[in-house]
Asker: 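My structure is below; once you've seen it, I'll send some questions.
Only heavy atoms go into these numbers, but all of them, side chains included; no hydrogens, no water, no symmetry mates.
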Amino acid sequence: MTNPTNSILIRNARILDPSQGLDRAGDLLIVDGRISKLAAAIRDGSLPPGTQVVDGAGLVACPGFIDLHVHLREPGYEDHETIATGGQAAARGGFTTVCAMPNTRPAMDNASVVDYVLRRAREANLVRVLPIGCVTKERAGQQLAEMWELAQAGAIGFSDDGNPVASPHLMRQALTYARGLGLPIINHCEDLALSKGAPVNEGRISNRLGLAGCPAVAEETMVARDIELASLTGGRLHLAHISTAGAVELVRRAKERGLPVTAEATPHHLTLTEEWVQGHDASGPLSGPLSLGSYDTSAKVNPPLRTRADAEALLAGLRDGVIDAIATDHAPHAVTVKLVSFDDAAFGIPGLETAFGSLMGLVHRGELPLDTLVARMTQGPLKLLGECGKGLGSLREGSPADVVLFNPDQEWVVRGAEFASKGKLTPLEGVTLKGRGVATIAGGRVVFSEVAGLAAADDS
Ligand code: DOR
């Protein structure tokens with residue numbers, strides 16, 4: 001994110017910036033890591049010497065995507081991902097800012113781990129990494145972590161993600177302290193007494209496959225509890241990866257009450273359903289389940305893929321703003337912990353490199369306006385980030401030059417083996433997606449490019 005050496009002019013792109021209500025053809029000039037000028041046409045004579053000029057015809061330029069929820073696995077699980085490989089995956093997916101979850105080893109429950117993550121992110125020099133500290137020590141749910149110390153070190157919020165904050169008392173305390181710090185608590189809502197760690201959604205598919213089912217109510221009771229605790233304490237609550245129609249309804253009502261509650265949904269819960277755990281037929285775009293008698297652990301994720309009705313409710317919530325942000329919950333795992341029996345397989349889907357393409361399917365089918373999609377990947381996340389996201393998510397002149405260029409019509413086939421992420425197993429293997437990020441500029445530095453005339457920085 002430092003020493004941008006070049007100025008870059010993107011000519012004649014469609015410039016889409018929800019922060020300014022902007023959607024029109026134009027030119028975008030980046031100088032010294034900042035958006036220098038945005039205009040219908042920028043004259044050659046006014047360009048700094050050595051400016052790289054990019055033909056943006058057919059491409060959309062928008063603020064770099066912001067992902068509130070990724071697992072970068074470092075420190076401790078570098079065989080699954082590192083900050084560098086996760087950063088490359090982010091860059092390929094069009095993300096310029098990612099928020100790193102603290103389920104590392106050691107867990108990010110003290111300042112030294114936050115310092116380490118920030119240092120490794122600086123060394124990777126790819127995208128902005130914003131660390132999320134733990135709510136409880138070692139994410140064990142017994143004692144609050146040193147939240148003040150974590151905030152001082154740069155944590156932008158607190159979460160035990162992967163684990164819920166099971167104790168209502170601790171959750172109440174956490175929200176109270178977080179309020180004082182002006183930061184959110186991000187909860188993974190799962191009542192373990194109800195979910196019992198079941199690997200798939202409870203219903204038709206769990207019955208057919210003979211697997212234990214995780215009921216929707218395991219999520220919804222904790223969402224309801226946390227909303228009441230946010231109301232009681234005034235602390236900011238962010239609901240991670242909500243997956244059920246009932247949870248969407250609870251968030252809708254909380255917002256109607258004016259409570260300080262935000263929510264995110266993942267691309268996989270928006271575009272896939274529980275049938276995908278049976279494997280899929282990759283011959284057509286998102287063509288659906290293949291057959292009974294097979295199963296695909298790459299679709300095992302927590303919370304589990306749910307029903308069509310749940311996905312439709314999430315989408316309706318995304319459209320009308322009940323769901324503030326799309327977050328990938330990028331959860332890469334080495335094949336050794338995924339290519340095992342369904343019960344034993346780790347939960348998680350590596351989502352950074354397929355998020356935008358899979359969501360563009362909703363746009364192409366007329367189910368989601370493109371500007372809403374971009375808003376939920378740029379402006380929406382800022383509601384959670386508050387002051388920590390100041391200046392981000394915008395192409396306003398003077399803003400940090402975080403830009404993604406995408407081709408909305410480019411078709412490509414998902415091949416996990418080609419991911420930059422170490423998480424190579426994806427339920428979308430072999431699926432054709434339409435819509436692809438073709439260049440990502442983070443802080444004025446080209447961190448990914450497939451565009452002729454736009455060279456990626458070579459020192460990453
Ligand atoms: O599927 C998931 N994987 N859900 C979580 O909440 C945690 C994540 C992980 O860390 O692998």
Asker: Search all heavy atoms of Val54 against all heavy atoms of Gly453 and return the closest pair with its distance.
Answerer: CG2-O, 4.4 Å
Asker: In plain terms, say whether Arg257 and Glu228 are close enough for a salt bridge, that is, a side-chain N and a carboxylate O under 4.0 Å apart.
Answerer: yes
Asker: Enter the distance from Ile185:CD1 to Thr233:OG1 here, rounded to the nearest 0.5 Å.
Answerer: 9.0 Å
Asker: Of the non-hydrogen atoms in Leu314 and Ala265, which two are nearest, and what is the gap between them?
Answerer: CD2-CB, 4.3 Å
Asker: Sub-3.5 Å donor-acceptor pair from the side chain of Trp412 to the main-chain atoms of Thr432, do we have one?
Answerer: no
Asker: Keeping the roles fixed (side chain from Arg92, backbone from Thr354), state whether a donor-acceptor pair exists under 3.5 Å.
Answerer: no
Asker: Quick check against the 3.5 Å criterion: does His188 have a side-chain atom that pairs as donor or acceptor with the backbone of Gly162?
Answerer: yes
Asker: Look at atom CZ of Arg252 and say whether more than 12 heavy atoms of other residues, nucleotides or ligands are closer to it than 6.0 Å.
Answerer: yes
Asker: Keeping His269 on the side-chain end and Pro303 on the backbone end, is there a donor-acceptor pair under 3.5 Å?
Answerer: yes
Asker: Evaluate the criterion side chain to side chain contact (heavy atoms under 4.5 Å, CB included) for residue pair Ile349 and Asp329; output intermediate values, then yes/no.
Answerer: CA-CA 8 Å; Ile349 294 175; Asp329 192 5; over 6 Å; no
Asker: Between Ser449 (side chain only) and Leu454 (backbone N and O only), is there a donor and an acceptor less than 3.5 Å apart?
Answerer: yes
Asker: Measuring from Asn187:CG to Asn163:CG, what's the distance to the nearest 0.5 Å?
Answerer: 10.0 Å
Asker: With rounding to the nearest 0.5 Å, note down the distance linking CG in Leu405 to CD in Glu450.
Answerer: 11.5 Å
Asker: Say you draw a straight line from CG of Leu68 to CD1 of Ile156; how long is it, rounded to the nearest 0.5 Å?
Answerer: 7.0 Å
Asker: Ignoring hydrogens and angles, state whether a donor on the side chain of His238 or Asp324 is under 3.5 Å from an acceptor on the partner side chain.
Answerer: no
Asker: Output yes when Arg253 and Glu256 qualify as a salt bridge under the 4.0 Å nitrogen-oxygen rule, no when they do not.
Answerer: no
Asker: Knowing that exactly one of Thr271, Asp296, Leu428 qualifies, which makes a side chain to side chain contact (heavy atoms under 4.5 Å, CB included) with Trp276?
Answerer: Leu428
Asker: Phe158: which residues meet the ring pair (Phe, Tyr, Trp, His ring centres under 6.0 Å) condition with it, sequence neighbours left out?
Answerer: none
Asker: What's the shortest heavy-atom distance between Ser358 and Leu433, and which atoms?
Answerer: N-CD1, 3.8 Å
Asker: Is a side-chain donor or acceptor of Glu220 paired with a backbone partner of Thr244 at a separation under 3.5 angstrom?
Answerer: no
Asker: Begin with the C-alpha distance, continue with both residues' side-chain angles, and end with the deciding distance and a verdict on side chain to side chain contact (heavy atoms under 4.5 Å, CB included) for Lys338 and Lys300.
Answerer: CA-CA 9 Å; Lys338 282 300 263 187; Lys300 178 176 170 180; 4.2 Å; yes
Asker: Hey, is the main chain of Thr328 close enough, under 3.5 Å, to the side chain of Asp67 for a donor-acceptor pair?
Answerer: yes
Asker: Measuring from Arg14:CZ to Leu22:CG, what's the distance to the nearest 0.5 Å?
Answerer: 11.0 Å
Asker: According to the interplanar angle, ranging from 0 to 90°, do the rings of His69 and His241 count as parallel (below 30°), tilted (30 to 60°) or perpendicular (above 60°)?
Answerer: tilted
Asker: Taking atom OH of Tyr177 as the centre, report whether more than 12 heavy atoms of other residues, nucleotides or ligands fall under 6.0 Å from it.
Answerer: no
Asker: So which of Glu74, Glu78, Glu81 actually passes salt bridge (charged side-chain N to carboxylate O under 4.0 Å, His left out) with Arg120?
Answerer: Glu74
Asker: Using a 3.5 Å distance criterion without hydrogens, assess whether the side chain of Lys422 forms a donor-acceptor pair with backbone atoms of Pro332.
Answerer: no
Asker: Ignoring hydrogens, what is the shortest heavy-atom contact between Val114 and Pro131? Give both atom names and the distance.
Answerer: CG1-CG, 3.7 Å
Asker: I'd like to know if the side chain of Glu353 and the backbone of Ser421 have a donor-acceptor N/O pair within less than 3.5 Å.
Answerer: yes
Asker: Show me the donor-acceptor pairs, under 3.5 Å and distance only, between side chains in residues 35-48 and residues at least two apart or in other chains.
Answerer:
residue: Asp44; atom: OD1; partner: Arg11; partner atom: NH2; Å: 2.3
residue: Ser46; atom: OG; partner: Arg43; partner atom: O; Å: 2.7

Asker: Indicate whether any N or O donor in one side chain lies under 3.5 Å from an N or O acceptor in the other, for Glu429 and Ser298.
Answerer: no
Asker: Can a donor-acceptor pair be found, under 3.5 Å and without considering hydrogens, that links the side chain of Arg445 to the backbone of Asn125?
Answerer: yes
Asker: Between Asn407 and Arg436, does the side-chain hydrogen bond (donor to acceptor under 3.5 Å, both in side chains) criterion hold? Intermediate values first, please.
Answerer: CA-CA 5 Å; Asn407 181 338; Arg436 182 176 172 87; over 6 Å; no
Asker: Between Thr378 and Ile66, which heavy-atom pair has the shortest distance, and what is it?
Answerer: O-CD1, 3.5 Å
Asker: Between Phe406, Phe356, Phe448, Phe65, which is the residue that forms a ring-ring contact (aromatic ring centres under 6.0 Å, His included) with Phe95?
Answerer: Phe65
Asker: Evaluate Ile186 against Leu384 for side chain to side chain contact (heavy atoms under 4.5 Å, CB included), listing each step before the verdict.
Answerer: CA-CA 9 Å; Ile186 303 162; Leu384 173 96; 4.2 Å; yes
Asker: Rounded to the nearest 0.5 Å, how far does CD of Glu149 lie from OG of Ser112?
Answerer: 7.5 Å
Asker: Would you sort out whether Gln410 and Lys434 count as a side chain to side chain contact (heavy atoms under 4.5 Å, CB included), showing the intermediate values?
Answerer: CA-CA 5 Å; Gln410 185 175 334; Lys434 188 175 175 186; over 6 Å; no
